[in-house]
There are 2 protein chains.
Amino acid sequence: MELHQLRYFVAVAETGGFSKAAKRCYVAQPSLSQQIIKLEHELGKELFERLNRKVALTEAGKALLPRAKLILSEASNIKSAILDDVDSGSGTLSVGMIPTIAPYLLPGSLDKYGKRFPVSRIKVNENLTDRLIKDIINLDVDIAIMSLPIDDPLIQTKTLFDDPLVLALSPGHPLSKIKNIKIDDLKSIPFIALEEEHCLGEQIKSFCYEKQINPEIICRTWNLSTIQHCVSYGNGISLVPKMLVMTDSSQSCEYREIKGQSPSRNIVAAWHKDRKLSKLALEFILIVNEIYESLLESYKV
Amino acid sequence: MELHQLRYFVAVAETGGFSKAAKRCYVAQPSLSQQIIKLEHELGKELFERLNRKVALTEAGKALLPRAKLILSEASNIKSAILDDVDSGSGTLSVGMIPTIAPYLLPGSLDKYGKRFPVSRIKVNENLTDRLIKDIINLDVDIAIMSLPIDDPLIQTKTLFDDPLVLALSPGHPLSKIKNIKIDDLKSIPFIALEEEHCLGEQIKSFCYEKQINPEIICRTWNLSTIQHCVSYGNGISLVPKMLVMTDSSQSCEYREIKGQSPSRNIVAAWHKDRKLSKLALEFILIVNEIYESLLESYKV
DNA sequence: CGTAGTTATAGGTATAAACTATACAACACA
DNA sequence: TGTGTTGTATAGTTTATACCTATAACTACG
């Protein structure tokens with residue numbers, strides 16, 4: 001079955017004759033007749049009673065007519081429907097985000113995205129960098145919000161912003177009295193570390209190694225909120241991303257930036273190097289940026 | 001746009017590649033590629049991002065996929081849907097009936113038909129014979145229940161039954177005392193006549209002419225129920241169809257059959273000579289017969 | 001009985017969908 | 001850095017089929 005056969009069929013039904021239908025369809029009458037016959041063979045039913053000066057729909061024809069019209073109208077609407085869909089941003093977007101970003105930026109981003117593109121569908125995967133890279137390559141994820149470094153050659157990235165790492169101290173910790181904390185002040189101090197499977201854990205480790213700090217790691221956890229609790233209980237200090245600080249309403253810890261060479265992580269959007277980002281993906285990236293900016297704003301005040 | 005293009009498109013989307021899709025569709029890969037390209041041109045949008053070992057749907061592709069699947073499933077369901085429709089008698093039937101039959105047989109027939117074919121749609125036209133013949137020829141009506149004679153060569157008929165004409169008398173009318181009323185008893189008697197535009201009126205007139213009765217027509221009406229009333233008030237006598245008598249619960253008139261050459265009209269189903277009656281039409285004819293039979297039954301008792 | 005109007009059939013043409021072969025690109029793996 | 005594998009696109013050819021013209025067969029109607 002092909003659409004032109006349905007077109008011819010509807011034309012015959014509506015004009016009441018093969019000749020008139022052929023005129024309407026801009027084909028010769030025999031061509032149209034043959035296509036109708038072909039359709040009838042395929043369906044195994046006569047569609048028309050051929051009378052002398054008119055044709056009448058058989059029962060099968062009557063049953064076909066509304067269905068054929070439906071299909072044709074759906075087919076002819078497809079083009080405009082697709083344009084509408086694309087323009088109105090009703091597509092679907094699949095994003096990934098690492099666990100050391102998601103808790104702080106995802107809620108706000110999802111909210112904003114949902115308001116800006118109410119008809120779009122979005123799916124979020126929170127996963128470690130390695131897994132997200134695989135997802136990107138397998139096309140399971142359109143874009144991922146993660147942290148450099150990313151060395152896979154199939155991935156391209158765009159920097160969103162730098163998120164500094166700040167010291168987390170228990171309230172009243174000796175260090176909190178020092179005005180300008182320097183790197184050297186951290187040597188051999190009890191430290192709560194993030195698991196190195198997290199890129200953030202790895203980054204902090206490298207940073208300490210580079211600066212030749214050898215913190216005494218007394219706890220290693222998978223979870224930044226665990227770190228917060230340990231720090232607030234005075235078990236040790238830690239380095240946490242500023243985005244955590246800005247969204248921490250508990251004030252159970254004190255936070256200090258390190259003067260001089262403050263460590264930071266480079267937050268990027270990452271996607272398959274051969275893919276062109278969809279409009280929705282670009283918008284999502286913008287929104288993540290806006291959310292971070294607005295955190296900065298409200299934190300200053 | 002043609003259905004095979006949509007089939008190829010869905011295959012590519014579902015298999016994630018042109019080669020695999022071509023295998024699934026039993027065509028060579030270049031053929032399929034070209035059809036996809038053609039579809040893309042027609043829609044004015046790329047449907048796939050061609051990556052190295054995979055293809056990803058673009059936004060336009062994502063928008064097309066569910067629509068294409070819908071159309072294809074509708075198309076593939078058409079055959080069975082039509083068979084279902086035809087077998088289950090969900091077709092539509094358009095019947096005609098003359099006004100001197102409809103009041104007595106239509107209500108029961110419609111009721112029975114509706115119960116037997118609950119999903120079918122039926123449309124009834126009550127009209128004079130001339131108009132019904134035109135409707136049949138114009139294919140506006142599938143079958144009509146009417147009375148012979150019908151002389152149009154485009155119409156074929158099937159006799160359903162003979163409906164006798166009986167005398168209608170006012171209660172206590174002198175004639176009602178006669179045991180065996182004969183034709184000669186009717187000569188020059190006051191008569192309530194049906195308009196001759198009704199075939200029944202014409203038939204009665206011919207009958208009187210044939211039998212050389214010259215009734216004194218004191219009233220001419222369009223309506224059999226008017227005749228009933230006039231007769232019951234003693235204005236005169238009349239000839240009415242037996243089907244009226246059998247459905248008259250008022251008993252306001254007395255009815256007598258004429259011994260000897262009792263007049264009757266031949267009730268038939270009529271349809272276009274070139275048309276094959278649909279199953280539903282045949283069933284409707286049966287039902288009309290059954291209704292008349294059941295009237296006879298209940299009248300005897 | 002011929003004319004006009006209809007659909008079906010026959011036979012040829014042309015379009016376009018199919019095929020084969022091959023080019024081209026990107027990995028994978030040695 | 002080659003070499004094989006896997007993927008799509010392109011070129012050229014073949015085949016299928018949708019199309020056309022011409023005409024036949026039929027009927028209604030004048």
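A quick note: this is a predicted structure, and the numbers were derived from the prediction, not measured. Residue numbering restarts at 1 for every chain, and letters A, B, ... go by the order of the sequence lines.
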Find every protein N or O atom lying less than 3.5 Å from an N or O atom of nucleotides 28-30 of chain D, and list the pairs.
residue	atom	partner	partner atom	Å
D/dA28	OP1	A/Asn52	ND2	3.0

Can you check nucleotides 9-13 of chain D for protein contacts, nitrogen or oxygen pairs under 3.5 Å, and list what you find?
residue	atom	partner	partner atom	Å
D/dA9	OP1	B/Arg50	NE	2.7
D/dA9	OP2	B/Ser33	OG	3.4
D/dA9	N7	B/Gln29	NE2	2.9
D/dA9	N6	B/Gln29	OE1	3.3

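Between A/Cys199 and A/Leu128 the shortest side-chain heavy-atom distance does not fall below 4.5 Å. At a threshold of 4.5 Å between non-hydrogen side-chain atoms, the residues B/Leu277 and B/Ile285 count as touching.
At D/dG7, none of the side-chain N or O atoms of B/Ser19 fall inside 4.0 Å of OP1 or OP2 (strictly under the cut-off). Contact between the side-chain N/O atoms of B/Lys20 and the OP1/OP2 oxygens of D/dT6 is not found at any separation under 4.0 Å.
With salt bridges taken as basic N to acidic carboxylate O contacts below 4.0 Å, none links B/Lys279 and A/Glu59.
For B/Ser264, the side chain to side chain donor-acceptor pair (under 3.5 Å) test picks out no residue, with sequence neighbours left out. Here A/Lys205 pairs with A/Glu196 under the salt bridge (charged side-chain N to carboxylate O under 4.0 Å, His left out) rule; sequence neighbours left out. Take A/Glu2 and apply the salt bridge (charged side-chain N to carboxylate O under 4.0 Å, His left out) test, not counting sequence neighbours, and it matches B/Arg7. By the side-chain contact (heavy atoms from CB on, under 4.5 Å) test, B/Gln34 is found to be paired with no residue, residues two or more places apart in sequence or in another chain being considered. For B/Glu14, the salt bridge (charged side-chain N to carboxylate O under 4.0 Å, His left out) partners two or more places apart in sequence, or in a different chain, are B/Arg24, B/Lys69.
Within the structure, ring pair (Phe, Tyr, Trp, His ring centres under 6.0 Å) pairs that include any residue of residues 27-71 of chain B comprise B/Phe9-B/Phe48, B/Phe18-B/Phe48 (at least two apart or interchain). Counting only residues at least two apart or in different chains, salt bridge (Lys or Arg N to Asp or Glu O under 4.0 Å) contacts with residues 121-133 of chain A comprise A/Arg131-A/Asp135.
Summarising the geometry, the separation between NZ on A/Lys54 and P on D/dT27 is reported as 18 Å, rounded to the nearest angstrom. The interatomic distance linking A/Leu6 (CG) with D/dA18 (C1') rounds to 16 Å, in whole Å. In this structure, A/Leu32 atom CG and D/dC19 atom P are separated by 9 Å, rounded to whole Å. In this structure, the CD atom of B/Gln35 is 16 Å from the P atom of D/dT8, given to the nearest Å. If you measure from atom CD of B/Glu49 to atom P of D/dG7, you get 18 Å, rounded to the nearest angstrom. Distance, A/His4 NE2 to D/dT17 P: 11 Å, rounded to whole Å.
On the nucleic acid side, DNA chain C has its first and last nucleotide under 4.0 Å of a heavy atom of chain A at C/dA4 to C/dC27, going 5' to 3'.
One N or O on the side chain of B/Thr58 and one on the backbone of B/Leu47 form a donor-acceptor pair closer than 3.5 Å. Panel note: side chain A/Gln29, backbone A/Ala22; no donor-acceptor pair is recorded below 3.5 Å.
Side-chain atoms of A/Ala28 lie closest to D/dT21 of the nucleotides D/dT8, D/dT21, D/dA18.
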Taking it one step at a time, do B/Tyr8 and B/Ser31 satisfy side-chain hydrogen bond (donor to acceptor under 3.5 Å, both in side chains)?
CA-CA 10 Å; B/Tyr8 294 169; B/Ser31 312; over 6 Å; no
Solution key, residues 139-149 of chain A side-chain donor-acceptor pairs under 3.5 Å, sequence neighbours excluded:
residue	atom	partner	partner atom	Å
A/Asp142	OD1	A/Arg275	NH1	3.3
A/Asp142	OD2	A/Ser94	N	2.9
A/Ser147	OG	A/Gln203	NE2	2.8

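Near-neighbour residues of DNA chain C inside residues 7-17 of chain A, defined by a heavy atom below 4.0 Å, number-ordered: A/Gly17.
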